[in-house]
Amino acid sequence: MIFNDFDPKEDKIFRVIDNEGKVINKNLMPDLDDETVIQAYKHMLFFRAADEMAVSYQRQGRMYTYPPCIGHEAIHAAAGMIIRDQDWLAPAFREVGIMLLKGVTMKEIFLYYMGNEEGSNFKKANHVLPISISIGSQYLHATGIGYSVKHQRKDEIVFTSIGDGGTSEGDFSEALNFAGLWKVPVIYTIQNNQYAISVPVRNQTNAVNLAIKSYGFGIPGVKVDGNDFFAMYATYKEATEYARAGKGAVLIEALTYRKGAHTTSDDPTKYRTKEEELEWAKTDPMIRLKKYMDNKGIWKENEEELIEKYKLEVDKQFEEAENMAPYKLEDVFNYMYVDMPDDLKRQKTDYEQFLTWKESKK
Amino acid sequence: MEGEQKMSVMTIVQAINNALDIMLEEDKTVVVFGEDAGVEGGVFRVTEGLQKKHGVERVFDTPIAESAIVGTGLGMALSGLRPVVELQFDGFSYPGFNQIISNVSRMNNRSRGMYKAPMVIRFPYGGGINALEHHSESPEALYSHIPGLKVVVPSTPHDAKGLMIAAIESNDPVIFMEPKRIYRAIKQEVSDDKFSIPLGKAKVLNEGTDVTVVAFGTMIRECQKALVMTKEAGISVELIDLRTIYPIDKETIVNSIKKTSKLVIVAEAPTSFSVGGELMAIANEEAFLYLEAPPKRVMGFDTIVPLAKGEPLYMITPERIFYEIERTVKF
Ligand SMILES: Cc1ncc(C[n+]2csc(CCOP(=O)(O)OP(=O)(O)O)c2C)c(N)n1
Ligand SMILES: [Mg+2]
């Protein structure tokens, strides 16, 4: 079992392919046909294209602050390909890939970052919570959902994720402690991309790694190369089987690198070096998977054309988001309560009177 | 003396930075920390350069854990240091809320004065910057409701500096809310020297006779824009900047209401159970017989501050302030 063989106490890391795409752990290589591998790479291509587009729309002033996911593609693809329709996702904010595979659309993502709450109303995605901006909260919600689905004997499990920085929040520890106690079917991922905005992991904790924290809560934990699609896939596969068998929760530390800025309003040159970025660039999840496919000779597509096609698709969704009906006054009020208090209705009416006055002045 | 003062043009960000710098220099017990507050100098650069100058033991980054930032800050305050802790945004003061209201605010009382909590908890507050959720909140009423805390909200670079210095020197814990929307929007000549502005003192920014308008922080600028319109309309407005929410300067407020007989309150937090409500209570308790119109709150809806697309509907504009002032005066 991956979770036993790669003990975080010994700071072991689970990896299947190296930076050259060569399989270095045949025993634990997941049994995937070529078609699935190609599909995984296509997903990752789409994620990266969408991400690049998002950053450029932001630069053009067509949407607001956006946290790029570039570098996280292998984690998102692996989790997204394994999570089922009935399973739950309680996402952090750097999760676009897995959200897309769960049925969220780029249009919704764009709407959200254009500043429209409608972008958290995932019309076609089953069991996906709105992203959690308040760091750590989502881990607790996942634990609660885990309790709930277990209690109701449902064939559902829960995925949630947090950044390295988020592991310092009390919510992180509290959620995992409950999870261990209740043996909930929840897969907790830490997307360790080395930074919490400007603060590197070494200045966040004295622990040798983040997976080791699982020991304190009595749940299995493992540190995985998060830029290795196969390692992530194998880990999620084992984790989901464990959870579905009623054995409880697991903690996965997925090691990656935030290739982009923290958000579009951040400047990483203030706190990290080019050399470091170049060193991590060698581990890029997409380059590695591509090399694996090339070694095997299974990639026959025209990559440039595919990217162009994806970008067109993304752009179409962006335009749909941009052409959404204007935000109305009732959109501010309507969802505050299921049963709107009278006073709130009155506040809306008062404001409408002001608007009438304003019109009359024109 | 006045004439010899060296002045520099500063934004609110620079003025607070300057206040922290002066206090770090002068008082070796001052420490400054928070998420990204060290190397990067904070996401708004308020603490920029301070770590380089005063060292990593006095100005530093913390892990992301607001409860720990406040709680460890309290421990330091109880044992000889004067921490100035940064919480990255208004909405992220809430994970630290329990430490603030259950411990920071109570230690002096709990220990019958044996343990004081001389600390400043600072964070940017307010909307109007097209931000994500939790980045646009105005929680001044929450904190002012807690016995044991002082709550400060500056509206200009000069006040920000003087109030920050007073807050650090205060032996009571201070919540220091910084108007992020005008962090860099206002530039003003500020003395380079150390000076402080007493906590608990409001400031009359404009004298007038028809109506008293009370505001603070970001809304001062919006009120000043509205005053251009009221002037045109021939309405004489007395504008008061609270500067400190708690302790509230009843004297200045009540004297003004007695003079104008009308009260309008401007703030961006939700209307109900707010500082606006408190001001109306003060008007009733202390100047009831002088009132000639119902006091009016020009405040936010009782809703979450909408994301960017809906935010303009929520934010208080000079036009809306003018509209309510005019209605109150014409009552
Ligand atoms: C409770 C809380 N505190 C502070 C913040 C501000 N903040 C936003 S992102 C971030 C850093 C997050 O780092 P990490 O958890 O490693 O996630 P990453 O951004 O690297 O994906 C911080 C401090 C927040 N969103 N929520
Ligand atoms: Mg991180």
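All chains are named by letter (A, B, ...) in the order of the sequence lines, taking the proteins before the strands, and each is independently numbered beginning at 1. The figures here come from the full heavy-atom set of this structure, side chains too, leaving out hydrogens, waters and symmetry mates.
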Exercise. Can you measure from CG (L313(B)) to CZ (F333(A)) and round to the nearest 0.5 angstrom?
Key: 8.5 Å

Quiz prompt | Heavy-atom neighbours of K345(A) NZ exceed 12 at 6.0 Å | solution = yes

Quiz item: Which residues in residues 195-209 of chain A have a heavy atom less than 4.5 Å from any heavy atom of chain B?
Solution: A196(A), I197(A), S198(A), V199(A), N203(A), Q204(A)

Self-check item: When H134(B), E311(B), E133(B) are compared by non-hydrogen pairs under 4.5 Å with chain A, the top option
Solution: H134(B)

Quiz prompt | Proximity of residues 350-362 of chain A to chain B, residues having a non-hydrogen atom under 4.5 angstrom | solution = Y351(A), Q353(A), F354(A), W357(A), K358(A)

Practice problem: Return the option, out of E169(A), K328(A), H262(A), with the maximum number of heavy-atom pairs under 4.5 Å with chain B. | Solution: E169(A)

Self-check item: chain B contacts, top residue of I135(A), I133(A), L329(A), D331(A) (heavy-atom pairs, under 4.5 Å)
Solution: I133(A)

Quiz prompt | F33(B), CZ: over 12 other non-hydrogen atoms inside 6.0 angstrom | solution = yes

Practice problem: Would you indicate whether R59(A), at its atom CZ, is surrounded by more than 12 heavy atoms from other residues, nucleotides or ligands within a distance under 6.0 Å? | Solution: no

Exercise. Starting at CG of D171(A), measure out to CD1 of I64(B) and round the result to the nearest 0.5 Å.
Key: 12.0 Å

Quiz item: Where along residues 43-56 of chain B does a heavy atom come under 4.5 Å of chain A, listed by residue number?
Solution: V43(B), R45(B), E48(B)

Quiz prompt | Atom group of T303(B) that falls short of 4.5 Å from chain A, counting heavy atoms | solution = both

Quiz item: From D302(B) CG over to L344(A) CG, what is the distance, rounded to the nearest 0.5 angstrom?
Solution: 6.0 Å

Exercise. Answer with side chain, backbone, both or neither: which region of F92(B) has an atom nearer than 4.5 Å to a non-hydrogen atom of chain A?
Key: side chain

Quiz prompt | Pair V39(B)-K270(A), side-chain contact (heavy atoms from CB on, under 4.5 Å): steps then yes or no | solution = CA-CA 8 Å; V39(B) 173; K270(A) 291 206 136 191; over 6 Å; no

Quiz prompt | Options G165(A), S137(A), P341(A), ranked by heavy-atom pairs under 4.5 Å with chain B, top entry | solution = G165(A)

Quiz item: Can you tell me how far the OH atom of Y335(A) sits from the CD1 atom of I304(B), to the nearest 0.5 Å?
Solution: 15.0 Å

Quiz item: In terms of heavy-atom contacts, does CD of E57(B) have more than 12 from other residues, nucleotides or ligands at under 6.0 Å?
Solution: no

Self-check item: chain B interface, residue from G136(A), G119(A), S168(A), G163(A) that has the most non-hydrogen pairs under 4.5 Å
Solution: S168(A)

Quiz item: What residue in L111(A), D343(A), V332(A) has the most heavy-atom pairs under 4.5 Å with chain B?
Solution: V332(A)

Quiz prompt | Heavy-atom contact with chain A under 4.5 Å, split by part of E66(B) | solution = both

Quiz prompt | Residues, nucleotides or ligands: over 12 heavy atoms within 6.0 Å of H141(A) NE2 | solution = yes

Quiz item: Can you tell me how far the CE atom of M336(A) sits from the CZ atom of F301(B), to the nearest 0.5 Å?
Solution: 12.5 Å

Quiz prompt | Residue-level interface, residues 68-75 of chain B with chain A, non-hydrogen cut-off under 4.5 Å | solution = none

Quiz item: Between atom CG of L132(B) and atom OH of Y112(A), what is the distance when rounded to the nearest 0.5 Å?
Solution: 5.0 Å

Quiz item: Among G41(B), A65(B), P312(B), G38(B), which residue forms the greatest number of heavy-atom pairs with chain A at distances under 4.5 Å?
Solution: A65(B)

